[in-house]
2 protein chains.
Amino acid sequence: MIIKSAQDIGKIVKEARKKQNFTQVQLAQLSNVGTRFLSDLENGKPTCEIDKVIKVLANLGIKLEVTNG
Amino acid sequence: MIIKSAQDIGKIVKEARKKQNFTQVQLAQLSNVGTRFLSDLENGKPTCEIDKVIKVLANLGIKLEVTNG
DNA sequence: AGCAATTATTCCCGAACGGGAATAATAAGT
DNA sequence: ACTTATTATTCCCGTTCGGGAATAATTGCT
């Protein structure tokens, strides 16, 4: 899926987390972030810090890729 | 290219920007971010805010994609 | 080498991040 | 419906982001 906004990432995270039967608390601990952060992220907060986002994605087995035209 | 850290994104941005003959000032104005932000981003600052990163990538024509195993 | 252009770093500072915890709201299960 | 689990929202608060501008450092060009 192509990412155009923070909201897109939030959706992805939420879906993947549920599919893997993680609670926010579990995934947060796993990723070394707070539960507040994870909730914010899943709800599309546009100012989440990039490395934390990357860590969460990694812990869900989601690959992040860039393609240059 | 697969993104594993903020530094990866920084490299991508810097390379793409140079390839398109943009200065940091130009790209920053285009993306509605400060030049400081762009410099930080290219140097792999891990706390850059996600939506600003996305905007910069978009203005370079770089597509950001996630792939769920 | 020397000059101009670009980039990196520092400063000030308002605004907001994110952690933790408590509370409210929502979803889920019996 | 009721209870429990999960998630969202609010609060306090230390820390830091990011803009803008100035300065240092680096790069590029002739």
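Below, chain A is the first sequence line, B the second, and so on; all start at residue 1.
Using a 4.0 Å heavy-atom cutoff across all strands shown, T23(A) reaches sugar-phosphate atoms only and no base atom.
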Review point. Checking salt bridge (Lys or Arg N to Asp or Glu O under 4.0 Å) for the pair K55(A)/D51(A): CA distance, chi angles, key distance, verdict?
Key: CA-CA 6 Å; K55(A) 274 196 289 187; D51(A) 67 330; 5.2 Å; no
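Note: NZ (K55(A)) to C1' (dG19(C)) measures 13 Å, nearest angstrom. In this structure, CD of Q26(B) is placed 13 Å from P of dA5(C), rounded to the nearest angstrom. Spacing between atom CG of N43(A) and atom P of dC17(C) amounts to 14 Å, rounded to whole angstrom units. Summarising the geometry, the separation between CD on E42(A) and P on dA27(C) is reported as 14 Å, rounded to the nearest angstrom. Atom CD in Q29(A) sits about 16 Å away from atom C1' in dG18(C), given to the nearest Å. Rounded to an integer number of Å, the gap from Q24(B) CD to dT7(C) C1' is 5 Å.
Put simply, the residue from Q29(B), K14(B), R36(B), E42(B) that forms a side-chain hydrogen bond (donor to acceptor under 3.5 Å, both in side chains) with Q24(B) is E42(B).
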Exercise for review: Going 5' to 3' through nucleotides 13-30 of chain D, assign each nucleotide B (protein heavy atom under 4.0 Å from a base atom), S (under 4.0 Å only from sugar-phosphate atoms) or - (no protein heavy atom that close).
Suggested key: ----SBBBB---------
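When the side-chain nitrogen and oxygen atoms of S39(A) are compared with OP1 and OP2 of dA8(D), one or more of them lie within a distance under 4.0 Å.
Between F22(A) and L27(A), the shortest heavy-atom contact is CB-CB, 4.5 Å. Closest heavy-atom contact between P46(B) and I50(A): O-CG2, 3.2 Å.
Connection of L30(B) to V25(B) is not established within any shared hydrophobic cluster, with ILVMFWY side chains joined at heavy-atom distances below 4.5 Å, either directly or through further cluster members.
A heavy-atom distance below 4.5 Å is not found between the side chains of C48(B) and E49(A).
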